[in-house]
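Report on one structure; see the data block that follows.
Here the structure is a predicted model, which means the values were calculated and not measured. Start at 1 with the first residue, then count along the sequence.
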Amino acid sequence: MKRWFAVFCKTGQERLAEGNLLNQGFTTYLPRLALRKRSGGKNVAVTVPMFPGYLFVQVDLERTPWRAINSTFGVRRIVSFGERPAPLPEGAIEEIRAREDADGIIRLPKVAPFQKGETVEFADGPMSDVKAMFTVPSGTERVIVLMNLLGRQVPVRVDQDRLRRAS
């Protein structure tokens with residue numbers, strides 16, 4: 001019976017391992033997350049493995065030469081307890097797949113990182129360590145904070161990843 005197993009990959013080689021396993025006829029699954037990262041001062045959309053360093057392979061241990069997985073380029077080893085690979089719980093892969101969008105990407109829900117009225121500070125740049133008060137999220141990646149400028153509370157729209165909780 002075919003079951004899903006976790007495969008531990010070499011650092012940053014999940015996609016290489018996946019391609020090599022597919023070329024050998026294995027069924028694989030590499031769940032990907034959509035993230036926004038700062039690059040060159042801009043937020044850029046990227047996809048990354050949901051479980052860095054791991055992918056999943058579906059194998060019937062009784063009928064498939066599964067030990068070939070361990071010698072595949074990009075793979076360290078199939079996750080095992082003792083001599084036998086450890087199967088994932090039934091339905092685990094289906095549960096992950098159910099969270100994918102039409103493009104096969106998992107998009108995490110946006111959660112406001114701060115509470116209304118919470119004191120925050122800028123984490124970097126010329127405003128580093130300047131305190132402000134969190135008010136509301138504004139769009140998908142930006143928030144509005146109130147800054148004390150020249151004795152007045154001024155609303156400022158800023159990327160939420162530039163803020164941290166005030167110490």
Side-chain angles (χ1 to χ4, degrees), residues 1-115 118 120-125 128 134 137-143 157-165:
M1 177 172 87
K2 285 189 171 187
R3 299 283 307 268
W4 285 101
F5 298 88
V7 175
F8 182 40
C9 300
K10 294 180 180 176
T11 304
Q13 295 188 16
E14 299 91 352
R15 287 186 173 108
L16 173 69
E18 179 184 37
N20 288 327
L21 288 167
L22 288 170
N23 287 340
Q24 294 176 62
F26 290 103
T27 301
T28 65
Y29 178 53
L30 179 60
R32 297 171 296 148
L33 286 177
L35 295 179
R36 303 213 42 96
K37 292 193 174 191
R38 289 192 70 79
S39 177
K42 296 181 181 179
N43 281 331
V44 180
V46 296
T47 59
V48 296
M50 183 174 187
F51 304 102
Y54 293 89
L55 63 83
F56 304 100
V57 64
Q58 190 177 42
V59 179
D60 181 341
L61 295 180
E62 307 306 321
R63 298 175 185 225
T64 307
W66 60 267
R67 286 180 176 83
I69 294 169
N70 290 333
S71 59
T72 300
F73 286 114
V75 170
R76 288 195 189 276
R77 65 185 170 284
I78 191 166
V79 176
S80 303
F81 295 115
E83 295 295 315
R84 298 277 289 177
L88 295 173
E90 289 291 330
I93 297 299
E94 292 75 16
E95 188 174 323
I96 296 169
R97 280 193 164 141
R99 298 173 188 268
E100 292 179 348
D101 64 12
D103 297 324
I105 306 294
I106 298 167
R107 300 184 194 282
L108 298 177
K110 300 290 181 196
V111 177
F114 309 108
Q115 298 295 319
E118 184 175 355
V120 295
E121 61 189 15
F122 287 83
D124 58 18
S128 182
F134 181 80
S138 170
T140 58
E141 301 294 325
R142 296 177 71 88
V143 297
R157 191 168 298 192
V158 63
D159 290 337
Q160 68 185 14
D161 62 352
R162 297 210 37 232
L163 299 173
R164 64 177 175 231
R165 285 189 165 73

Check residues 50-62 and write down every donor-acceptor pair under 3.5 Å in which the side-chain atom is one partner and the other belongs to a residue at least two apart or another chain.
residue: Asp60; atom: OD1; partner: Met1; partner atom: N; Å: 3.3
residue: Asp60; atom: OD1; partner: Glu62; partner atom: N; Å: 3.0
residue: Asp60; atom: OD2; partner: Met1; partner atom: N; Å: 3.1
residue: Glu62; atom: OE2; partner: Arg84; partner atom: NH2; Å: 2.9

Review point. About how many Å separate CD1 of Ile69 and CZ of Phe26, when rounded to the nearest 0.5 Å?
Key: 4.0 Å
**Study point:** Pairs meeting criterion salt bridge (charged side-chain N to carboxylate O under 4.0 Å, His left out) with involvement of residues 11-24, two or more places apart
**Key:** none
Study note, to complete from the structure: Looking only at heavy atoms, the pair that brings Arg77 and Asn70 closest together is CA-OD1, 3.1 Å
Practice item. Examine distances only and state if a side-chain atom of Arg164 and a backbone atom of Glu121 form a donor-acceptor pair shorter than 3.5 Å. Key: no
**Study point:** Nearest-0.5 Å distance that lies between atom CD1 in Ile105 and atom OG1 in Thr47
**Key:** 5.0 Å
Exercise for review: Might you point out which heavy atoms bring Glu94 and Trp4 nearest each other, and give the distance in Å?
Suggested key: OE2-NE1, 4.1 Å
Review point. Hey, are the side chains of Ser128 and Phe122 touching, using non-hydrogen atoms and a 4.5 Å cut-off?
Key: no
Review point. Under 3.5 Å, is there a donor-acceptor pair between the side chain of Gln24 and the main chain of Asn20?
Key: yes
Practice item. First locate atom CZ of Phe73, then atom NZ of Lys10, and finally report the distance between them rounded to the nearest 0.5 Å. Key: 7.5 Å
Check your understanding: Is any side-chain heavy atom of Asp124 less than 4.5 Å from a side-chain heavy atom of Arg162?
Key -> yes
Point to revise | Close side-chain approach of Ile78 and Trp66, heavy atoms under 4.5 Å | key: yes
Review point. Just how far is it from atom CD of Gln13 to atom OG1 of Thr11, taken to the nearest 0.5 Å?
Key: 7.5 Å
